[in-house]
Amino acid sequence: MNIATYYTDYWKAYESILPTDRHIQSKAATYSIEGLNSSIRHYLARFRRKTKCYSKSKEMIEYSLYLLFSQLSMLN
């Protein structure tokens, strides 16, 4: 996978591991993906934090996300 640009918030650790020529720090650039991540954690227990629910199968993660995105698209 070729990643052209990395968009992150202002956490200092990113500066030390990401190439500076392809790293952009901006809250505006991370706002929408953080909203999506929040929705995923809200609707799918396997993605919640600090629980014992976790995925052991990549296939089940893919199926869960497919079902969630299908339902969310029907609501919009």
Side-chain angles (χ1 to χ4, degrees):
M1 174 187 293
N2 283 334
I3 300 174
T5 308
Y6 300 92
Y7 295 94
T8 68
D9 58 12
Y10 294 97
W11 191 40
K12 294 289 183 191
Y14 294 131
E15 294 174 2
S16 63
I17 60 172
L18 296 175
T20 56
D21 59 326
R22 297 186 310 181
H23 181 212
I24 297 173
Q25 291 180 305
S26 166
K27 281 289 192 183
T30 60
Y31 175 79
S32 59
I33 193 65
E34 289 300 327
L36 178 60
N37 290 344
S38 176
S39 294
I40 290 170
R41 284 192 304 272
H42 175 75
Y43 289 110
L44 298 176
R46 68 180 67 240
F47 292 101
R48 288 194 185 120
R49 296 176 178 167
K50 297 181 181 179
T51 67
K52 294 183 181 182
C53 300
Y54 62 94
S55 295
K56 295 180 182 178
S57 165
K58 182 180 176 184
E59 184 178 33
M60 289 307 296
I61 291 172
E62 291 172 357
Y63 289 148
S64 297
L65 290 173
Y66 176 77
L67 288 170
L68 173 64
F69 293 150
S70 296
Q71 288 299 312
L72 291 177
S73 68
M74 291 173 64
L75 296 175
N76 291 330

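Side-chain atoms are counted along with the backbone in the values below, which use heavy atoms only and exclude waters and symmetry mates.
Note that the CG atom of L72 and the OH atom of Y43 stand 6.0 Å from one another [nearest 0.5 Å]. For the atom pair CZ (R41) and CG (L36), the distance works out to 10.0 Å, reported to the nearest 0.5 Å. Here the straight-line distance linking atom CG of D21 with atom OH of Y6 works out to 10.0 Å at 0.5 Å rounding.
T8 pairs by the side-chain contact (heavy atoms from CB on, under 4.5 Å) definition with Y14, L18, H23, Q25, not counting sequence neighbours.
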Passes side chain to side chain contact (heavy atoms under 4.5 Å, CB included), Y10 versus T30? Steps please. CA-CA 10 Å; Y10 294 97; T30 60; over 6 Å; no
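Hydrophobic clustering (ILVMFWY, side-chain heavy atoms < 4.5 Å, transitive): I3 and Y7 are in distinct clusters.
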Expected list for residues 61-68: side-chain donor-acceptor pairs under 3.5 angstrom, two or more places apart:
unit_1, atom_1, unit_2, atom_2, d
Y63, OH, E59, OE2, 3.0
S64, OG, R46, NE, 3.0
S64, OG, M60, O, 2.8

